[in-house]
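These figures come from a predicted structure and were not determined experimentally.
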Amino acid sequence: MHAELQIDNQICFRLYTSARLITQAYTPMLTQMGITYPQYLVLMVLWEKDGQPVNDIAHRLFLETNTVTPLLQRMEKSGIVVRQKGKADKRQQIVSLTDKGKTMEEQAYKLIPHGMGERLATCPLKMEDYTSLAQQLDAMIASLKTKT
């Protein structure tokens, strides 16, 4: 057996498992809000800057527009966002938060940082470790993104 192919030697397996377990940890809090994790990601992008084209949201999330569009359709049916034709380019769809979508930011703030803090309380990492890890993952993402 090749050591390079053993699962314990794979960073990709650790990243996959971490991502899956983190998403799983978010689920009870997001369920209280009535949204999924991918919808939460869209909301965070719109809380940073409301009124964005679908393409910009997809780009920010490293997703294709055909992945984001069904998400937005469900969010629109739930009254969280509205989609309107762009003023400058009618082919463009601009996504904006509704009042419900805007108030969900405060709800998320009350639930998620504290909830995730509780889930990670037994983890020996310190805040500076998370900051360093985020920077390292950003570098990995940037490197991989340029090669696809």
Side-chain angles (χ1 to χ4, degrees), residues 7 10-148:
I7 200 161
Q10 302 300 308
I11 188 71
C12 61
F13 177 68
R14 287 176 178 83
L15 290 170
Y16 166 77
T17 303
S18 297
R20 189 177 52 76
L21 292 172
I22 287 170
T23 302
Q24 190 176 63
Y26 272 86
T27 299
M29 295 169 279
L30 297 175
T31 298
Q32 286 182 48
M33 296 177 63
I35 58 174
T36 64
Y37 186 75
Q39 291 172 335
Y40 177 59
L41 297 178
V42 169
L43 282 169
M44 286 192 291
V45 169
L46 291 171
W47 291 332
E48 286 179 18
K49 181 183 175 225
D50 198 6
Q52 294 190 53
V54 173
N55 290 345
D56 290 2
I57 295 168
H59 179 75
R60 181 76 169 96
L61 296 175
F62 299 97
L63 296 170
E64 298 296 324
T65 55
N66 62 356
T67 302
V68 173
T69 299
L71 262 172
L72 294 171
Q73 289 170 340
R74 288 189 298 276
M75 292 173 78
E76 191 169 34
K77 285 180 184 169
S78 296
I80 298 169
V81 300
V82 293
R83 294 178 301 151
Q84 299 173 324
K85 292 188 186 297
K87 291 182 178 151
D89 183 349
K90 299 289 184 202
R91 296 170 297 173
Q92 198 173 49
Q93 288 276 309
I94 305 298
V95 182
S96 301
L97 293 164
T98 62
D99 288 341
K100 178 180 178 180
K102 291 174 185 172
T103 60
M104 290 177 85
E105 182 178 8
E106 194 60 34
Q107 186 181 9
Y109 178 73
K110 289 176 182 174
L111 283 172
I112 294 171
H114 177 73
M116 287 305 292
E118 283 181 351
R119 289 297 306 260
L120 294 169
T122 59
C123 182
L125 295 176
K126 296 176 178 58
M127 186 51 75
E128 56 268 16
D129 296 326
Y130 289 111
T131 302
S132 175
L133 180 59
Q135 292 168 346
Q136 292 170 35
L137 290 172
D138 285 345
M140 185 184 291
I141 290 165
S143 177
L144 291 169
K145 187 176 84 171
T146 60
K147 292 178 176 54
T148 57

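Without hydrogens or angle criteria, Arg14 side chain to Gln10 main chain gives a donor-acceptor distance under 3.5 Å. A distance-only check finds no donor-acceptor pair linking the side chain of Ser143 to the backbone of Ala139 [under 3.5 Å]. Counting only distance, with no hydrogens or angles, the side chain of Asp138 and the backbone of Gln135 share no donor-acceptor pair below 3.5 Å.
To the nearest 0.5 Å, atoms CD (Glu105) and CE (Met33) are separated by 9.5 Å. Rounded to the nearest 0.5 angstrom, Arg74 CZ and Lys77 NZ are separated by 9.0 Å. Here the OG atom belonging to Ser96 is positioned 9.5 Å from the CD atom belonging to Gln52, to the nearest 0.5 angstrom. For the atom pair CD1 of Ile22 and OG1 of Thr27, the computed distance is 12.0 Å after rounding to the nearest 0.5 Å. The distance from the OG1 atom of Thr131 to the CG atom of Leu125 is 11.0 Å, given to the nearest 0.5 Å. With rounding to the nearest 0.5 angstrom, the CG atom of Leu71 is 8.0 Å from the CG atom of Leu63.
Sorted by first and then second residue, the salt bridge (charged side-chain N to carboxylate O under 4.0 Å, His left out) pairs involving residues 15-25 (not counting sequence neighbours) form an empty list. The ring pair (Phe, Tyr, Trp, His ring centres under 6.0 Å) analysis of residues 19-40, with sequence neighbours excluded, yields the pairs Tyr26-Tyr37, Tyr26-Tyr40.
Under the side chain to side chain donor-acceptor pair (under 3.5 Å) criterion, His59 pairs with no residue, sequence neighbours left out. Legend: residues meeting side chain to side chain contact (heavy atoms under 4.5 Å, CB included) with Ile7, ordered by chain and number and at least two apart, are Phe13. Residues satisfying the ring pair (Phe, Tyr, Trp, His ring centres under 6.0 Å) criterion with Tyr16, sequence neighbours excluded, are absent altogether. A search for side chain to side chain donor-acceptor pair (under 3.5 Å) contacts involving Ser132 returns Gln136, not counting sequence neighbours.
For Trp47 against Ala108, the heavy-atom pair with the smallest separation is CH2-CB, 3.6 Å. Between Gln39 and Gly34 the shortest heavy-atom distance is OE1-O, 4.4 Å. Residues Pro70 and Asn66 approach most closely at CD-O, 3.2 Å, considering heavy atoms. Minimum heavy-atom separation, Ile112 to Met29: CA-SD, 3.7 Å.
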Check: How far apart are the C-alpha atoms of Glu48 and Arg60, what are their side-chain angles, what is the distance that settles it, and do they pass the side-chain contact (heavy atoms from CB on, under 4.5 Å) test?
Finding: CA-CA 11 Å; Glu48 286 179 18; Arg60 181 76 169 96; 3.4 Å; yes
Notebook entry, point to check: Between Leu97 and Leu43, is a side-chain contact (heavy atoms from CB on, under 4.5 Å) present by the stated rule, with each step listed?
Noted result: CA-CA 8 Å; Leu97 293 164; Leu43 282 169; 3.5 Å; yes
Note to self: I'd like to know whether Gln93 forms a side-chain contact (heavy atoms from CB on, under 4.5 Å) with Gln84, so could you lay out the CA-CA distance, the side-chain angles of the two residues, the decisive distance to 0.1 Å, and finally the verdict.
What the structure shows: CA-CA 5 Å; Gln93 288 276 309; Gln84 299 173 324; over 6 Å; no
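Considering only heavy atoms from C-beta on, Leu111 stays 4.5 Å or farther from Leu30 through its side chain. Residues Lys87 and Ile94 are not in side-chain contact: their nearest non-hydrogen atoms beyond the backbone lie 4.5 Å or more apart. Contact annotation: the side chain of Asp50 approaches that of Lys102 to within less than 4.5 Å [non-hydrogen atoms, C-beta and beyond]. Two residues are said to be in side-chain contact when any heavy atoms from C-beta on lie closer than 4.5 Å; Leu15 and Leu137 meet this criterion.
Crowding of Glu64 atom CD: a count of heavy atoms from other residues, nucleotides or ligands under 6.0 Å not exceeding 12. At most 12 heavy atoms of other shown residues, nucleotides or ligands fall within 6.0 angstrom of atom OH in Tyr109.
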